[in-house]
Amino acid sequence: MTDRMIKTRFAPSPTGILHIGNLRSALYEYLIAKSKGGAFILRIEDTDRERYVEGAVEVIYSTLEACGLQHDEGPDIGGPHGPYIQSERLALYQAYAEELVSRGLAYPCFCPPQKSELTSEEGEAEAFGYDRRCRALDPHEARERRAAGEASAIRQKMPLEGETSFTDQVYGTITVQNKELEDQILLKSDGYPTYNFANVIDDHLMEITHIVRGSEYLSSTPKYCQLYQALGWEIPEFVHLPLILGEDGRKLSKRHGSTSFHDLIQEGYLPEAIVNMIAFLGWAPGEETREIFSLKELESLFHIEGINKAPAVFSYDKLNWMNEQYIRALPFEAWRGRVKEAADSAFGGRPYDLDMLARVLQPRVTKLSDIPGMIRFLTDRLPLSRELFHNKRARLDADRAAFVLESLYPRLRGLSDWTETGLLETLEKAGLELDLKKGLLMGALRAGLAAQQVTPGGAVETAIILGRSESLERLEIALSFLNEDKT
RNA sequence: GGCCCGAUGGUCAAGGGGUCAAGACAUCGCCCUUUCACGGCGAAGACACGGGUUCGAUUCCCGUUCGGGUCACCA
């Protein structure tokens, strides 16, 4: 449009959770600005007093921070166009509304609120909008009724004929008949502006160049265009984003699910993986086929032309894969810290080899919340069964396992160098002397130590994590079980 | 229902008038391996349908179907 610096904003309402759809909007807003060296600002849209949730603003701050979406202006850091919280800008909206009333472009409406009926029956939903009843009221009479204290909202007069069109950067030119446009409420009877109104005022005053938001706003955009025109303001660029759907094909919304950033973190996903995931929901870089990108890389890669029109289904399978990629790429120190958090409480003060545990876990964990389940066999002595000692490939069965462990136990007991090399040497030596295959030894040992056929890491790693004394105790238990149960 | 938008494998998607229609996730198979996992290799799987335009349409146009959004003093 112009050579002006690009400026985008993220304008969430503080309703308690940050839905991943909202987060995706924030991400794209950030990327669109940053890819062109522009500014990204944060504005809190708290004009719905009924939905306001205490502490919700902090959730917004912490989420943006966790994702690395640093804003350039906002309630917490200020900026040239503050305040950045709409409830602190009420006088501003009221002034503009009155201006439109006095210019005959808006009018007070005394009709009772017709909030949406959630109980509307399917099929018979004959929803026709507001009938513009109060539009015909005599302005003087209206003024007197307001002066007398009668509650009223302010509605904008929409043109009754003609058409309005605008060009969206993603969806192209969209045209609607003006008669389809409702006389939208600008100011509610409680004096608060509607989203429709406050949004336009603030976006203009804050010099937002690109309005980036979900495509659910596409059909009300003509109304915003009418507002810009009424106010004599330049219409900004619009960038509507395809919706994110749930796996059932429905819009992924607050009403639908618990798909908030917070929930995903609780589930054990890394913020970086979530960001990477949602970056590719409705956007692709083009010829580049790589899909793992840091936020910094995305900043230089992102372009509006790559945004898709069709809604995208959010896939947890893909998120899982991305999370694995990020976990594996984590520096070992950082990863070890994560494992420590989960494992310390599980081991309850008992010593264990954290380094080894983190090492075997890093290539195997899908999400952080999997860790407790994966290491339970290390902290709890699980019940044994003869089937555990069966392994077709190694030609192992319970009786052979008993023999193997019987021979192995004294050797291990005599081993003071309880390390990977020490253990491997002992096992190899035992294998040679007893003429046993490695798979047989390892299989028996693993089952004896873990009481589980599937373990992260092998027998030796498990022995090291458990430590010498716990390992030996477990082997004793396994031996007596195998011998006792022998027929 | 009105209005708006959309449609490439199960999912995310590249591409675009002439291609054996990329790639990723998931699935399946093989290999590696002390199991699983990780890793490597490979397989199966798509242009919604009908009309045009064209020498030629998955690609452009129209219609149909299907999907989604929206019709609040919510955002």
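We use all heavy atoms of the structure for the numbers below, so side chains are in, but hydrogens, waters and symmetry mates are not.
- Remark: Lys367(A) pairs with Glu267(A) by the salt bridge (charged side-chain N to carboxylate O under 4.0 Å, His left out) rule, at least two apart or across chains.
- Across all strands shown, Thr47(A) has heavy atoms under 4.0 Å from sugar-phosphate atoms exclusively, and none from any base.
- Across all strands shown, Gly282(A) has heavy atoms under 4.0 Å from sugar-phosphate atoms exclusively, and none from any base.
- Across all strands shown, Leu281(A) has heavy atoms under 4.0 Å from sugar-phosphate atoms exclusively, and none from any base.
- Candidate nucleotides C74(B), G6(B), A14(B) were compared by shortest atom distance to the side chain of Asn308(A), and A14(B) ranks first.
- In terms of phosphate contacts, Lys179(A) brings no side-chain nitrogen or oxygen within less than 4.0 Å of OP1 or OP2 of C3(B).
- Proximity note for Ala312(A) (side chain, C-beta onward) versus U34(B), G6(B), A13(B): the nearest is A13(B).
- For Glu420(A), the salt bridge (charged side-chain N to carboxylate O under 4.0 Å, His left out) partners are Arg359(A), not counting sequence neighbours.
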Polar pairs (N or O, both sides) under 3.5 Å between protein and nucleotides 59-66 of chain B?
none

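- Taking a 6.0 Å sphere around CD of Glu433(A), one finds it holds more than 12 heavy atoms contributed by other residues, nucleotides or ligands.
- Looking only at atom types and distance, the side chain of Glu324(A) has a donor-acceptor partner in the side chain of Thr366(A) under 3.5 Å away.
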Practice item. Any chance you could encode RNA chain B as dot-bracket? Rule is Watson-Crick or G-U wobble with both distances under 3.5 Å; [ ] for pairs crossing earlier ones, | for another strand. Key: (((((((..(((.....[....))).(((((.......)))))....(((((..]....))))))))))))....

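- For C71(B), its base never sits under 3.5 Å from the side chain of Ser219(A) at any donor and acceptor pair.
- Judged by closest nucleotide on RNA chain B, Gly443(A) is the one of Gly443(A) and Arg155(A) placed further toward the 5' end.
- You'll find that the side chain of Tyr195(A) is closest to A75(B), out of C73(B), G2(B), A75(B).
- Closest to the Ala310(A) side chain, of the nucleotides A13(B), A75(B), G6(B), is G6(B).
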Check your understanding: What string of B, S and - do you get for nucleotides 21-29 of chain B 5' to 3' if you count protein non-hydrogen atoms under 4.0 Å?
Key -> -BBBSS---

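- Look at Arg213(A) and you won't find any side-chain N or O under 4.0 angstrom from OP1 or OP2 of A75(B).
- Closest to the side chain of Leu243(A), from the set A13(B), G68(B), C4(B), is G68(B).
- As judged by a 4.0 angstrom heavy-atom cut-off over every strand, Pro285(A) is placed among residues making no nucleic acid contact.
- Ile211(A) is linked by a side-chain contact (heavy atoms from CB on, under 4.5 Å) to Arg9(A), Asp203(A), Ile208(A), Arg213(A), Tyr228(A), Pro236(A), Phe238(A), counting only residues two or more places apart in sequence or in another chain.
- Comparing the C1' positions of C32(B) and G39(B) gives a spacing of 8 Å, expressed to the nearest Å.
- If you check A75(B), G6(B), U34(B) against the side chain of Tyr224(A), the one that comes closest is A75(B).
- Residue-to-nucleotide proximity on RNA chain B shows that, of Pro363(A) and Lys223(A), the 5′-proximal contact is made by Pro363(A).
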